[in-house]
Amino acid sequence: MMGVIVTNPPKADLKDVDALARYGVATVSEAMGRTGLLGPAVRPVQQGVRVAGTAVTVIGWPGDNLMIHAAVEQCGEGDLLVVTTTSPCTDGLFGELFATALQQRGVRGVVTNTGIRDTQELRDMGFAAWSRAVSSQGTVKATGGSVNVPIAIDGQVIRPGDVILADDDGVVVVPRERARETIKRSEAREAKEAATRAAFVEGQLGLDRYGLRETLKRLGVEYRTYEEYEGEQP
């Protein structure tokens with residue numbers, strides 16, 4: 001349904017959101033069975049930043065940021081704005097002025113399937129942003145859309161109140177009802193990786209730790225000395 005602003009949607013508990021922020025995007029996606037990732041084209045405009053927040057979703061028209069203005073009113077502490085359009089758009093729909101208004105409301109960042117501008121200003125003010133493009137192209141405010149409805153970016157459905165986690169590696173969406181389960185799975189995965197890291201420091205090879213020698217053998221991969229290999233060449 002287009003042309004609706006939904007108020008007070010259910011949201012993941014901020015304690016769970018903050019707990020998920022302890023883990024990287026890759027870890028959380030793996031913990032959910034390698035799901036939830038937005039595509040690699042949605043990239044950070046800064047480096048060394050990880051944020052998690054509850055999604056306030058926006059769908060508008062390309063070249064038009066009217067519904068972002070409408071969404072600001074629906075944003076609050078711990079939220080993260082997520083923006084897409086009805087068809088592909090790389091215009092700079094979001095910039096410093098929007099970030100200023102959102103930052104005052106406790107919003108933690110923005111993820112947009114469109115373009116973004118004022119990137120230096122966003123970095124200077126510490127407002128985290130992920131976008132599909134960087135563009136100075138301006139926009140109009142002329143066409144209705146919707147706020148706080150389910151949207152899709154790169155095949156991932158994002159509902160208002162879902163957890164959005166973003167860092168240097170990309171963006172992942174965690175369904176709000178799976179937040180606590182995903183925290184436990186992420187904690188277990190991180191503990192497993194810590195044990196593997198310690199084993200690698202001690203010199204163990206991944207071939208042995210993961211039992212991959214048998215996999216190589218099953219796939220017909222054989223070892224040859226250099227002399228043997230050279231002697232077998234035509």
Side-chain angles (χ1 to χ4, degrees), residues 6-40 42-58 71-72 74-84 99 102-113 122-123 125-131 147-199:
V6 179
T7 62
N8 300 318
K11 297 180 179 182
D13 193 297
L14 275 183
K15 291 187 295 184
D16 295 333
V17 175
D18 292 340
L20 279 169
R22 297 197 298 263
Y23 307 103
V25 165
T27 295
V28 169
S29 175
E30 292 278 359
M32 291 196 299
R34 298 180 182 173
T35 63
L37 286 174
L38 274 59
V42 179
R43 301 176 61 85
V45 303
Q46 68 287 306
Q47 291 291 304
V49 174
R50 180 190 297 159
V51 297
T54 44
V56 172
T57 60
V58 180
V72 171
Q74 304 305 316
C75 290
E77 189 70 37
D79 285 334
L80 196 149
L81 190 68
V82 187
V83 180
T84 193
L102 291 171
Q103 198 169 58
Q104 296 305 308
R105 302 177 77 86
V107 175
R108 298 177 174 181
V110 63
V111 171
T112 176
N113 198 29
L122 295 179
R123 288 190 290 270
M125 65 190 293
F127 191 84
W130 286 256
S131 70
V147 176
N148 277 335
V149 299
I151 63 173
I153 298 178
D154 293 338
Q156 298 298 329
V157 175
I158 302 168
R159 302 168 304 165
D162 284 346
V163 182
I164 303 295
L165 176 66
D167 62 16
D168 289 347
D169 291 337
V171 182
V172 64
V173 54
V174 180
R176 55 182 181 259
E177 66 272 12
R178 293 189 61 187
R180 293 185 183 178
E181 165 202 344
T182 303
I183 293 167
K184 294 178 181 178
R185 291 179 178 271
S186 297
E187 182 179 11
R189 180 169 182 83
E190 192 165 82
K192 180 180 178 181
E193 289 187 351
T196 299
R197 188 178 302 110

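Since we're looking at a predicted model, the values are computed, not measured.
A pairwise comparison of heavy atoms in G161 and T54 identifies O-CG2, 3.9 Å as the closest pair. Across all their heavy atoms, P150 and P160 have their closest contact at N-CD, 4.0 Å. Here the shortest heavy-atom pairing between L165 and A52 reads CD1-CB, 3.8 Å. Residues T27 and S186 approach most closely at CG2-O, 3.9 Å, considering heavy atoms. Heavy-atom minimum distance, Q46 versus F127: OE1-O, 4.0 Å. Between A152 and T84, the shortest heavy-atom distance links the atoms O-OG1, 4.1 Å.
No side-chain heavy atom of D79 sits under 4.5 Å from any side-chain heavy atom of R108. Proximity of T35 to Q156: side-chain heavy atoms (C-beta onward) are nowhere separated by under 4.5 Å. D16 places none of its side-chain heavy atoms less than 4.5 Å from the side chain of V163. In this structure, the side chains of R105 and V72 come closer than 4.5 Å at one or more pairs of heavy atoms. The side-chain heavy atoms of R176 and P10, taken from C-beta on, include a pair separated by under 4.5 Å. Within the 4.5 Å cutoff, side-chain heavy atoms of S131 are placed close to those of V45. Between L80 and V110 there is no side-chain heavy-atom pair separated by less than 4.5 Å.
For the side-chain contact (heavy atoms from CB on, under 4.5 Å) with V83, the lone residue among V58, T57, I151, V111 that qualifies is V58. V147 pairs with exactly one of L81, T7, V56, V6 by the side-chain contact (heavy atoms from CB on, under 4.5 Å) rule, that one being V56.
Under a 4.0 Å N-O distance rule, the pair R178/E181 qualifies as a salt bridge.
The backbone N or O of V25 sits less than 3.5 Å from a side-chain atom of D167, completing a donor-acceptor pair.
Around atom CZ of R123, more than 12 heavy atoms belonging to other residues, nucleotides or ligands sit under 6.0 Å away. Heavy atoms of other residues, nucleotides or ligands lying less than 6.0 angstrom from CZ of R50 number more than 12. Within a 6.0 Å radius of CZ in R189, other residues, nucleotides and ligands contribute more than 12 heavy atoms.
Evaluation of the side-chain contact (heavy atoms from CB on, under 4.5 Å) rule for E190 yields Y23 as partners, not counting sequence neighbours. In this view, A19 and R22, I183 satisfy the side-chain contact (heavy atoms from CB on, under 4.5 Å) rule, not counting sequence neighbours.
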Chi angles and distances behind the side-chain contact (heavy atoms from CB on, under 4.5 Å) call for M32, V174: CA-CA 8 Å; M32 291 196 299; V174 180; 4.0 Å; yes
Candidate pair V172 and L38, rule side-chain contact (heavy atoms from CB on, under 4.5 Å), full reasoning: CA-CA 6 Å; V172 64; L38 274 59; over 6 Å; no
Residues L20, V17; criterion side-chain contact (heavy atoms from CB on, under 4.5 Å); working and verdict: CA-CA 5 Å; L20 279 169; V17 175; 5.9 Å; no
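Note: C75 SG to N148 CG = 7.5 Å, rounded to the nearest 0.5 Å. Here T112 contributes atom OG1 and W130 contributes atom CH2; the two are 13.0 Å apart, rounded to the nearest 0.5 Å. Once rounded to the nearest 0.5 Å, the distance linking CD of Q47 with CG of D168 reads 4.0 Å.
Judged as a salt bridge (charged side-chain N to carboxylate O under 4.0 Å, His left out), the pairs with a partner in residues 151-161 (not counting sequence neighbours) are, in order, R132-D154, R159-D162, R159-E177.
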